[in-house]
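All remarks here apply to the structure that follows.
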Amino acid sequence: MGSIPYVVEDFQGVLQVYSDGSTLRSATLPFHVPVHDDGSAVWKDCVFDKHHHLHLRIYKPAVSDAAAKLPILYYFHGGGFCVGSRTWPNCHNCCLRLASELRAVVVAPDFRLAPEHRLPAALDDAWSSLKWLQGQALSEKREEWLSEGVDLERVFVVGDSSGGNMAHHLAVQLGAGSPELEPVRLRGYVLVAPFFGGSVRTGSEEGPSEALLNLEILDRFWRLSIPEGGTKDHPLANPFGPESPSLEPLKLDPILVVVGGNELLKDRAKDYAKKMKEMKKNIGYVEFEGKEHGFFTNDPYSETGNAVLQLIKRFIS
């Protein structure tokens with residue numbers, strides 16, 4: 001008889017990986033976040049990838065001006081490519097707030113998670129979700145909420161943590177003008193505390209742990225999500241790693257990087273913005289002093305959350 005499988009990786013009980021490669025997942029967050037739904041936005045779920053059984057959640061303002069077309073914001077959740085869902089209350093609250101405050105249609109896709117599906121699965125699914133929107137734009141029978149009153153030429157991507165990493169790779173894949181998605185037109189990308197990696201530790205990574213994040217968690221996420229045999233310098237983890245293609249010749253749409261001043265990921269986000277600026281990319285960088293990872297997603301109704309919303313509002317205007 002074989003040995004009984006035992007836990008080899010455990011992320012706060014939300015994700016457990018066993019010695020035989022099997023996994024056990026919890027549907028709940030490792031910390032309590034109450035749902036904040038004041039009725040100012042409405043939402044519904046749709047299937048966008050039948051083959052992989054993937055859904056997305058669409059949000060829109062409960063009341064909108066019929067004369068003004070609403071922009072579309074894609075929101076990719078965080079979770080180190082290993083955990084998270086459109087249904088988690090922090091993601092749900094954030095999307096409700098984005099829809100109501102920015103007067104936008106928000107699309108929040110799920111994507112396959114590691115370690116069952118290592119990178120680039122999540123990126124493939126992000127691309128598939130955008131192709132779904134293109135399919136809607138070209139269809140005579142569009143999803144009802146996308147059939148009128150939306151501006152398919154004003155689409156933006158907002159990515160949180162690992163979602164910010166995905167936003168970067170979508171920006172690179174699509175290039176300026178996003179010609180592969182016509183008639184859909186992406187206009188810009190917001191990277192909130194993007195989850196980038198590298199073999200050499202940064203100063204902020206060597207600093208104190210955060211309330212909800214530490215180096216052990218970061219290393220575990222990379223260990224479980226990077227393609228087999230890869231390191232934290234893999235091109236999907238480190239945009240400027242030794243094997244990463246040069247970004248200098250690429251023409252990209254505008255990018256905005258937002259990060260907390262006390263985040264372990266701060267130095268990588270700051271270095272990313274600095275290097276992109278040196279390459280003459282249209283990129284902005286805003287740092288919120290004293291804030292830790294999740295400061296916007298986990299509390300979008302806070303004073304700082306309002307400030308982030310105003311930043312995004314200016315960016316998409």
>> Check whether D253 reaches the backbone of R187 with its side chain - one donor and one acceptor, N or O, closer than 3.5 Å.
In response: no
> Is H234 reaching over with its side chain to a backbone N or O of L236, donor-acceptor style, under 3.5 angstrom?
Replying inline: yes
>> Less than 6.0 angstrom separating the ring centers of F221 and F11, yes or no?
In response: yes
> Can you list every pair that meets ring pair (Phe, Tyr, Trp, His ring centres under 6.0 Å) and has a residue in residues 167-208, with sequence neighbours left out?
Replying inline: H168-F196, H168-Y272, F195-W222, F196-Y272
>> Starting from V106, can I reach F315 by hopping between I/L/V/M/F/W/Y residues whose side chains sit under 4.5 Å apart?
In response: yes
> With a 4.5 Å limit on heavy-atom distance, are the side chains of L15 and C82 in contact?
Replying inline: yes
>> Set out, in order, the CA-CA distance, both residues' side-chain angles and the distance that settles ring pair (Phe, Tyr, Trp, His ring centres under 6.0 Å) for F81 and H117, then state yes or no.
In response: CA-CA 9 Å; F81 300 111; H117 306 283; over 10 Å; no
>> I'd like to check F111 versus M166 (side-chain heavy atoms, cut-off strictly below 4.5 Å). Are they in contact?
In response: yes
> When you check the side-chain N and O atoms of R97 and N306, is any donor under 3.5 Å from an acceptor?
Replying inline: yes
> For S85, does its backbone N or O pair with a side-chain atom of D110 as donor and acceptor, under 3.5 Å?
Replying inline: no
>> What I'd like to find out is whether the side chain of V257 reaches to under 4.5 Å of the side chain of V286, using heavy atoms alone.
In response: no
>> Between E287 and V258 (side chain of the first, backbone of the second, donor and acceptor by atom type, cut-off under 3.5 Å), is there such a pair?
In response: no
> In terms of side-chain geometry, is the basic nitrogen of D219 or R201 positioned less than 4.0 Å from the acidic oxygen of its partner?
Replying inline: yes
> With the 4.5 Å side-chain cut-off for hydrophobic clustering, are W88 and V107 part of the same group?
Replying inline: yes
> Would you call E180 and K131 a salt bridge, using N to O less than 4.0 angstrom?
Replying inline: no
> So, does D160 use its side chain to make a donor-acceptor pair with the main chain of G294 at under 3.5 Å?
Replying inline: no
>> If we ignore hydrogens and angles and just use 3.5 Å, is the side chain of S64 paired with the main-chain N or O of P61 as donor and acceptor?
In response: no
> Can you find a pair of side-chain heavy atoms, one from S302 and one from F295, that are under 4.5 Å apart?
Replying inline: no
> Would H293 and E263 count as having a side-chain donor-acceptor pair, cut-off 3.5 Å?
Replying inline: yes
> Is the centre of the H92 ring less than 6.0 Å from the centre of the Y59 ring?
Replying inline: yes
> Does any donor atom in the side chain of E292 or N262 lie under 3.5 Å from an acceptor atom in the other side chain?
Replying inline: no
> What residues form a side-chain hydrogen bond (donor to acceptor under 3.5 Å, both in side chains) with E116, not counting sequence neighbours?
Replying inline: T23, R25
> Can you list every side chain to side chain donor-acceptor pair (under 3.5 Å) pair that touches residues 137-156, not counting sequence neighbours?
Replying inline: K44-E143
>> Looking at D267, is its backbone amide N or carbonyl O close enough to the side chain of T202 to form a donor-acceptor pair, meaning the two atoms are under 3.5 Å apart?
In response: no
> Does K266 pair with E205 as a salt bridge, N-O distance under 4.0 Å?
Replying inline: no
> Any chance the side chains of D233 and S199 put a donor and an acceptor closer than 3.5 Å?
Replying inline: yes
> Among I72, V150, V42, whose side chain to side chain contact (heavy atoms under 4.5 Å, CB included) with K60 holds?
Replying inline: V42
> Quick one: are I316 and L73 in side-chain contact, heavy atoms under 4.5 Å?
Replying inline: yes
>> Checking the side chain of R268 only, and the main-chain atoms of A193 only, is there a donor and an acceptor separated by less than 3.5 Å?
In response: no
> Within the distance-only criterion (no hydrogens, no angle test), does the side chain of S161 pair as donor or acceptor with the backbone N or O of G163 below 3.5 angstrom?
Replying inline: no
> Side-chain contact, heavy-atom cut-off 4.5 Å: L218 with L265?
Replying inline: yes
> Any ion pair linking K275 and D271 (charged N to carboxylate O, less than 4.0 Å)?
Replying inline: yes
> Do S204 side-chain atoms and L264 backbone N/O form a donor-acceptor pair below 3.5 Å?
Replying inline: yes
> Is any side-chain heavy atom of N238 closer than 4.5 Å to a side-chain heavy atom of K232?
Replying inline: no
>> Are R86 and D45 packed together at the side-chain level, in the sense that at least one heavy-atom pair is separated by less than 4.5 angstrom?
In response: yes
>> Test of understanding: clusters of I, L, V, M, F, W, Y form through side-chain heavy atoms closer than 4.5 Å, transitively. Do V158 and I255 belong to the same one?
In response: no
